[in-house]
Amino acid sequence: MRTDASSEHLPTSAPQAPVRVIASAQSWVEGEAVRQLEAMARLPGMKLAVGLPDLHPGKGAPVGAAFTSEGFLYPYLVGSDIGCGMGLWNVDLLARKAKPERWAGKLDLEGPWTGDTEGFLQEHGVKSSGYEAALGTVGGGNHFAELQRVDAVHDAKVFSALGLEADRLLLLVHSGSRGLGEAILRAHVDRHAAGGLADDSSEAQTYLTRHDHAVAWGRANRALVARRMLDGIGAMGQRVLDVCHNSVTPRRDTGRTQWLHRKGAAPSDEGPVVIPGSRGALSYLVIPTGESHASAHSLAHGAGRKWTRTAARERMRERFTAESLTRTAFKSHVVCENKDLLFEEAPPAYKPIDRVVTDLVEAGLVRVVATLAPVLTYKTRARPE
DNA sequence: ATGTCC
């Protein structure tokens, strides 16, 4: 029996909203993740709950899911990393000029940026938050900054329309709002636990204002991570796209405002997105296709975890040395001086990304524009004591 | 996920 305290607060009286899991039989989804999705579908005001092919259990609410509601919004469904997302930069360096081994030895994005963070935020039109010491840092868990080369181009027209060239490096940054979003959710949970907010309440307004700030701050954070990374390799870059996969946004395409919650779900209504594989795997640049109402205007945001962090540590430690995991099947390098994190984030801990993307293609939701292969993944330079 | 737990 589960003893997750958060689920005790979830009202189960409301009728269940439609639940849809977009995943083929080949990409099995854990039963617990579907049960969590169904529990969320019984929240007051819920209209639709969608699981994407990377759906997996989370802390109460599942990850890889999108929810639309009316009358209420649910900060708990966005989670603590408000504004987390993926940014892609075009790098003005030929892939064949890459020096991953040399870069891996010297890149260091730990600690506060030594530049003018206030000025940087101002340039991006974002107010400071009190968390500026973390601005420009990647964070933990599945966050990373990864230099990539183009593996294959499948849609040359869209590829070049994005300003991309097959022989250039790209930089993909996955990070969020660090401690800022966490503090915003904590303030909500202290009062309401997993409960929602009436959308006409002043508390909802306060939350949304803070949420929007964290989303903007998270985007600026990715931009500064990119800048630090590019400074480290002596290159320049241009942002190609940046999308958020943890957020709640209003939609007014029906008579009444609907709240679209994304919990580890990329948008399908903001143009091309990158769906990253884990470290030693390809990432997919895709363009959304077709009508996306039934999929809550959302896409998978990654491969999706297959093993828990604890299980991954145990299983990987038995089979591999930490050292061996700093190189991948693509001969790319991984900067991760935290061994536990290296094991937790090892490729076998995740579902195969190609199956996740194929599910989206077969559901008519995306077309693959290009596949991107890792060259150098930066996780952390810091060693735990 | 987390200036991560007193």
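Each chain gets a letter, A, B and so on, in the order the sequences are listed, and its residues count up from 1.
Side-chain contact annotation: A:Ser283 with A:Gln148, donor-acceptor N/O pair under 3.5 Å present. For the residue pair A:Arg251 and A:Thr68, no side-chain donor N or O sits within less than 3.5 Å of a side-chain acceptor on the partner. Under the 3.5 Å distance criterion, with hydrogens and angles disregarded, no donor-acceptor pair is assigned to the side chains of A:Asp253 and A:His293.
Rounded to whole angstrom, the span from the CZ atom of A:Arg222 across to the P atom of B:dA1 amounts to 13 Å. Atom CG of A:Leu135 is separated from atom C1' of B:dT2 by 16 Å (rounded to the nearest Å). For A:Lys59 and B:dA1, the NZ to C1' distance is 9 Å, given to the nearest whole Å. Counting to the nearest Å, the P atom of B:dA1 and the CG atom of A:Asn338 are 13 Å from each other.
At the heavy-atom level, A:Gly79 lies nowhere under 4.0 Å from the strands shown. A:Gly176 comes within contact range of no nucleotide atom at all, as no heavy-atom separation falls under 4.0 Å.
A:Lys351 places a side-chain N or O within 3.5 Å of a backbone atom of A:Pro53 that can act as its donor or acceptor partner.
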Between protein and nucleic acid, restricted to nucleotides 3-6 of chain B and to nitrogen or oxygen atoms under 3.5 Å apart, what atom pairs and distances do you find?
| residue | atom | partner | partner atom | Å |
| --- | --- | --- | --- | --- |
| B:dG3 | OP1 | A:Gly179 | N | 3.3 |
| B:dG3 | OP2 | A:Arg178 | NH1 | 3.3 |
| B:dG3 | OP2 | A:Gly179 | N | 2.7 |

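Residue A:Leu147 holds its CG atom at 6.0 Å from CG of A:Leu169, rounded to the nearest 0.5 Å.
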Take A:Val215 and A:Thr249, measure what side chain to side chain contact (heavy atoms under 4.5 Å, CB included) needs, and give me the verdict at the end. CA-CA 11 Å; A:Val215 168; A:Thr249 49; over 6 Å; no
